Structures are given as structure tokens and as C-alpha cells.
Q: 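Pasting a structure here, questions to come.
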Amino acid sequence: MVKIAPSLLSANFADLKKDIHSIEIAGADWIHYDVMDGHFVPNISFGYSILKDISQVTSMYLDVHLMISDPCKYVDEFIRSKASLITFHVEAIEDETKIRELISHIHKANIQVGLSIKPATPVSAIEKYLEDIDVVLVMSVEPGFGGQSFQEQAIEKIQKLSSLKNQYHFLIEVDGGINQETGDICKKAGADVLVAGSYIFNADNRKKVIDSLR
Ligand code: DX5
Ligand code: ZN
């Protein structure tokens, strides 16, 4: 069954503990934690110290999405802050060797690794890393903000990744503009994990919305 990962970006930051428990009770699988540095994307969200505090109030799987220009510099802080999965953007690091080093550095800490691609980046940009990673995060909006509309070109990428999946073990995660309709299209294309921020946190009945995505 598809996993549901509510994005805390759309939670009430003044009431995070309550919002985390609400999605936990509602049956969410992962917590999607969007880190933005105001440089890789034109927005600032939260950093590793809030993640550490969150890890102390929940046992949920912590899915960290780094939208930052220098993931190598901060990765150890996110490791120490109890991330379960650390996903960084392939566009953030030019050098293949550095990408490979970062993947193995995170794995050595016994943490899962994801690679993310922005809407304009093709699957071919990450193909050579597929055998070494646990998750591919396909962005279906331009990273930076919640509440944007789903961009259709993500579907072809999910299909392409799905066709490559048999040879490897990675999960396909989709992020941005997910609601019941777009979630359904992504599932049919082969998505394993759906991230949803505004669709879940703006709903009065979060369980109903999470169930509707499955
Ligand atoms: C966007 C973030 C997403 C965002 C999704 O840059 O990576 O995780 O919170 O929000 P919705 O589901 O509202 O598009
Ligand atoms: Zn995200």
C-alpha cells in the first residue's frame, strides 16, 4: 500500500506537537520535513534543532527533504537530529564524486538516503545513482512553497522510474500539489510514497483525507 507522508510545512508551527500527534493518530506513515535555506529555494523553513525536538515527541519515520545549497555542510547535524531518511537535491551538488561520497556518508550512519529532482531535471540525471539509494523524490512543483498546483511532467518521470525499479530497491516518492485526484494519478504511475502538505493540514478531518489518498 502507498505510504502517506504529511509535510509539516503546512502545519501550525506554534502547535507542532499537536499537529504531529494528529497525523500520527490519523494513520500517516512518515513525517515529511522540508528544510529550506533561502538560497537553494526562495523560502526559509526550519533547521535541524527543531527536528531533534520532534524526534523526542514521536516515533514516526522522519523523512527529511533538504532544499539547501550545501547539504554536505549540514548533513551531520541532521544525522545527529535523528533523521530516518535524508534526501538531498541532485541539482545542489555538481560533482559526481561528492554525490557518491554524501550517499555513502549517510548510509554509514545507518540512515536511508534519497535523491530529489526538480520539475526541470530529467530522471537521467540520477539514473547512475539508483542502485545506491533508498528513495527517489520526484518534485511535482517547483520546490519552495506549499499549496502549489501539481505539474504533470512528474507523471512520466514516475513511470520511467517505475520501469527501472525491478533492478533496484528504491521507493518512488512524489512531492507537491498532491490531493485525491493527483495522488491517484501518481499511484497508477507507480508512486510508493505521497507527500501532502496543504491537502492534509488544511482539512478538518485528517484521517479522512489520509484515507482518501491510499
Ligand atoms: C515544497 C515542499 C513540499 C510541500 C508540499 O517545496 O517540498 O513538501 O510542503 O506542499 P503541498 O502538498 O501543499 O503542495
Ligand atoms: Zn518536500
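Whatever order the structure lists them in is the order used to number ligands and atoms, beginning at 1. Numbering of residues begins at 1 and proceeds along the displayed sequence. Please read all numbers here as calculations on a predicted model, not as lab measurements.
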Q: Is Glu156 atom CD crowded by more than 12 heavy atoms from other residues, nucleotides or ligands, each under 6.0 Å away?
A: no
Q: Taking just the N, O or S atoms of His65, which one is nearest to the Zn ion (ligand 2)?
A: ND1
Q: Can you tell me the N, O or S atom of Asp175 that's nearest the Zn ion (ligand 2)?
A: OD2
Q: Of all the heavy-atom pairs spanning Ala196 and Leu213, show the shortest one and how long it is.
A: CB-CD1, 4.1 Å
Q: One pair per line, please: each N/O atom of ligand 1 matched with every protein N/O atom under 3.5 Å away, atom names first, then the distance to 0.1 Å.
A:
| residue | atom | partner | partner atom | Å |
| --- | --- | --- | --- | --- |
| ligand 1 | 6 (O) | Gly144 | N | 2.7 |
| ligand 1 | 7 (O) | Asp34 | OD1 | 2.9 |
| ligand 1 | 7 (O) | His65 | ND1 | 3.3 |
| ligand 1 | 7 (O) | Asp175 | OD2 | 2.9 |
| ligand 1 | 8 (O) | His32 | NE2 | 3.4 |
| ligand 1 | 8 (O) | Asp34 | OD1 | 3.2 |
| ligand 1 | 8 (O) | Asp34 | OD2 | 2.7 |
| ligand 1 | 8 (O) | Asp175 | OD1 | 2.7 |
| ligand 1 | 8 (O) | Asp175 | OD2 | 3.0 |
| ligand 1 | 9 (O) | Ser7 | OG | 2.8 |
| ligand 1 | 9 (O) | Asp34 | OD2 | 3.1 |
| ligand 1 | 12 (O) | Gly197 | N | 2.7 |
| ligand 1 | 13 (O) | Gly147 | N | 2.8 |
| ligand 1 | 13 (O) | Ser198 | N | 3.0 |
| ligand 1 | 13 (O) | Ser198 | OG | 2.5 |
| ligand 1 | 14 (O) | Gly177 | N | 2.8 |

Q: Is it the case that the ring center of His89 lies less than 6.0 angstrom away from the ring center of Phe40?
A: yes
Q: Locate the shortest heavy-atom distance separating Glu91 from Ser116; write the atom from each residue and the value.
A: OE1-O, 3.7 Å
Q: Indicate the atoms forming the closest heavy-atom contact of Val57 with Lys17, along with that distance.
A: CG1-CE, 4.0 Å
Q: Identify, by name, the N, O or S atom of Asp34 lying closest to the Zn ion (ligand 2).
A: OD1
Q: Answer with yes or no whether the side chains of His107 and Asp134 bring together a donor and an acceptor at under 3.5 Å.
A: yes
Q: What's the shortest heavy-atom distance between Ile172 and Phe170, and which atoms?
A: CG1-CE1, 3.8 Å
